[in-house]
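Quantities reported herein were computed from a predicted structural model and do not represent experimental measurements. By convention here, the first residue in the shown sequence is residue 1. Note that these values count all heavy atoms, side chains included, but never hydrogens, waters or copies made by symmetry.
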Amino acid sequence: MARLAQTDGLTDIQREILSTVREFVDKEIIPVATELEHRDEYPTQIVEGLKDLGVFGLMIPEEYGGLGESLLTYALTVEEIARGWMSVSGIINTHFIVAYMLKQHGTQEQKDYFLPKMAAGEIRGAFSMSEPALGSDVSAISSKGVRDGEEFVLTGQKMWLTNGGSSTLVAVLCRTDEGHPEGTAPHKSMTTFLVEKEAGFGEVRPGLTIPGKIEKMGYKGVDTTELIMDGLRIPADRVLGGETGRGFYHMMDGVEVGRVNVAARGCGVAQRAFELGVAYAQQRQTFGKPIAQHQAIQFKLAEMATKVEAAHAMMVNAARKKDSGQRNDLEAGMAKYLASEYCKEVVEDAFRIHGGYGFSKEYEIERLYREAPMLLIGEGTAEIQKMIIGRRLLEEYRIQG
């Protein structure tokens, strides 16, 4: 067995794409990732390399200049990139969620305008749903969009915006009461706005400010920011899909793709942690032999490898279910939950195998140990995934009569 987490049934094109990305990760990402991460430096050269490979257009249809590949291809690509450095896969994720939402729900004019530029990497996407006091309760969104003639005026503060500074297009979820009488369910009075802006920090267009990066324990390099709207004017033709009140559904559809992405990231980070652990275990000696020959370490490696394989299988299943056009919130929730939890456990076991050296910044596992916790939170906490899974199971197994 050459490596864990192999995927059966791939086409020649899929295998070629993944081989190219894997080679790029090994040569261009892994050697510099830890240094860039410790400096909290945006990986400009890596991102430009992925742009040249066509990764930004991976799932965008060929008619708009993309490669027209499946969610499975995208997820496996993300797994490879996260194996090199999880922050880079985050840069790709937010871009693809917005591209997916445009492809599925945008007007023809919106698709024609945005998708070719997104496929070429000229426009970088980000999406903004969370708010400072929001947490997992999306229905409590307070940011507002109020119609004023042929424009909407947006006001509010958003939080945890990945690619906040580097993006030039943000899909922003706001409450819009127009056309939705008092008492309308909150999720039926939300709208997604396509907000174009300049890259950078500060006031990036009139009425829109992106403060500096939020300092984080891990997941560095990628810029995570707030987004502040104060009288931000957006043309009515930049309402996603051209209709208000559909924003919650747009975002949830995008988040399903995002959950598959987070599962793929968990698989990639866990794969790298296993590689580091199994290599170190064969090099480090105690009591006259490599620690890999001690039964306790072999048990740990066996558990780690099994978790890597199980998470990968669930992630692949969730992606294939979405590609088939079927509802996949159950599978995506399960995959995201399992992959993120197993990732944390595999990384911690690799950290333990490294012993005291795992605590040193000279060793790559130290970076992974700080990155893994983000996956427990991103695109919904484990508790939210369990709620989704539980509700869907009760739908499927409801007692009749």
Side-chain angles (χ1 to χ4, degrees), residues 1-8 18-19 21-27 29-31 33-34 37 75-90 218-219 260-286 289-318 335-376:
M1 181 175 66
R3 53 176 280 168
L4 296 175
Q6 295 296 297
T7 310
D8 292 330
L18 294 174
S19 176
V21 172
R22 187 176 305 134
E23 182 179 359
F24 181 86
V25 168
D26 287 338
K27 290 183 178 180
I29 298 182
I30 289 177
T34 296
E37 196 271 350
L76 294 175
T77 298
V78 165
E79 183 181 37
E80 293 289 349
I81 294 171
R83 176 180 154 268
W85 185 12
M86 193 185 73
S87 293
V88 179
S89 63
Y219 197 41
V260 173
N261 171 284
V262 172
R265 282 196 255 178
C267 292
V269 174
Q271 171 77 33
R272 183 59 180 165
F274 174 80
E275 292 172 358
L276 295 172
V278 75
Y280 186 82
Q282 295 172 77
Q283 296 162 5
R284 172 70 167 171
Q285 293 204 1
T286 60
K289 60 183 178 180
I291 63 173
Q293 293 182 22
H294 294 295
Q295 190 179 64
I297 299 299
Q298 291 177 9
F299 282 2
K300 200 175 289 293
L301 292 171
E303 292 169 359
M304 293 163 67
T306 302
K307 290 173 181 177
V308 169
E309 287 284 358
H312 176 83
M314 291 199 73
M315 179 270 290
V316 168
N317 180 56
K336 192 275 175 185
Y337 167 59
L338 192 80
S340 58
E341 294 290 337
Y342 276 0
C343 174
K344 171 185 70 77
E345 293 170 12
V346 171
V347 168
E348 181 169 336
D349 280 342
F351 176 84
R352 289 172 183 267
I353 287 172
H354 280 73
Y357 288 106
F359 210 61
S360 168
K361 285 193 172 185
E362 293 181 20
Y363 283 76
E364 189 178 340
I365 191 63
E366 180 270 343
R367 169 171 61 83
L368 270 58
Y369 194 76
R370 289 184 290 101
E371 289 179 338
M374 199 286 294
L375 298 173
L376 301 172

Sequence neighbours excluded, the answer for ring pair (Phe, Tyr, Trp, His ring centres under 6.0 Å) partners of F351 is Y369

Applying salt bridge (Lys or Arg N to Asp or Glu O under 4.0 Å) to R352 and not counting sequence neighbours gives E348

Q.
For a 4.5 angstrom cut-off between non-hydrogen side-chain atoms, does E37 reach Y219?
A. no

Residues passing the side-chain hydrogen bond (donor to acceptor under 3.5 Å, both in side chains) test with E275, sequence neighbours excluded, are R83, Q271, R272

By side-chain hydrogen bond (donor to acceptor under 3.5 Å, both in side chains), S87 pairs with (sequence neighbours left out) W85

Report task. Report the relative orientation of the aromatic rings in Y357 and Y363; use parallel for angles under 30°, tilted for 30 to 60°, perpendicular for over 60°. Result -> tilted

*asked:* Within the 3.5 Å criterion, strictly below it, is a donor on T7 or H312 matched to an acceptor on the partner's side chain?
replied: yes

Between A339 and A311, the two heavy atoms sitting closest are CA-CB, 3.9 Å

Shortest non-hydrogen pair, I30 vs G84, comes out as CG1-CA, 3.7 Å

By side-chain hydrogen bond (donor to acceptor under 3.5 Å, both in side chains), E341 pairs with (sequence neighbours left out) none

In terms of heavy-atom contacts, A264 and V78 come closest through CB-CG1, 3.9 Å

Run the salt bridge (Lys or Arg N to Asp or Glu O under 4.0 Å) test on K361 and E366 for me, step by step, so that the C-alpha distance in whole Å, both residues' side-chain angles and the decisive distance to 0.1 Å come before the verdict. CA-CA 6 Å; K361 285 193 172 185; E366 180 270 343; 5.0 Å; no

Interatomic distance, CD1@I29 vs CZ@R22, rounded to 0.5 Å, equals 13.0 Å

TODO: Could you tell me whether the side chain of S340 reaches within less than 4.5 Å of the side chain of K336, counting heavy atoms only?
DONE: yes

For I297 and A281 the tightest heavy-atom approach is CG2-CB, 3.9 Å

Residue set satisfying side chain to side chain contact (heavy atoms under 4.5 Å, CB included) with Q293, at least two apart, ordered chain then number -> K289, P290

Notebook entry, point to check: Side chains of I353 and L276: closer than 4.5 Å at any heavy-atom pair?
Noted result: no

Hits for side-chain hydrogen bond (donor to acceptor under 3.5 Å, both in side chains) against R367, two or more places apart or cross-chain, chain-then-number order -> T34, E364, E371

Between A75 and M315, the two heavy atoms sitting closest are CB-SD, 3.7 Å

Contacts of K300 meeting salt bridge (Lys or Arg N to Asp or Glu O under 4.0 Å) (sequence neighbours excluded), chain-then-number -> D349

Neighbour count >12 (heavy atoms, 6.0 Å) for atom CD, Q283: yes

Rounded to the nearest 0.5 angstrom, the CG-CD1 distance for L76 and I81 is 11.5 Å

Between the CD atom in Q298 and the CD atom in E303, the distance rounded to the nearest 0.5 Å is 12.0 Å

Residues E79 and R265 bridged, charged N to O under 4.0 Å: no

Residue set satisfying ring pair (Phe, Tyr, Trp, His ring centres under 6.0 Å) with F359, at least two apart, ordered chain then number -> none

Distance col, row C343:SG vs L338:CG, nearest 0.5 angstrom, shows 11.0 Å

F24 meets the ring pair (Phe, Tyr, Trp, His ring centres under 6.0 Å) criterion, sequence neighbours left out, with none

query: Quick one: does V308's side chain get under 4.5 Å of Y342's, heavy atoms only?
result: no

One should read off an interatomic distance between T286 OG1 and I291 CD1, to the nearest 0.5 angstrom, of 6.5 Å

Sorted by chain and residue number, the side chain to side chain contact (heavy atoms under 4.5 Å, CB included) partners of A273 (sequence neighbours excluded) come out as V346, V347, A350, I365, L368

| Taking side chain as C-beta onward, heavy atoms only, is M86 less than 4.5 Å from M374? | yes

The side chain to side chain contact (heavy atoms under 4.5 Å, CB included) partners of E23 (sequence neighbours excluded) come to K27

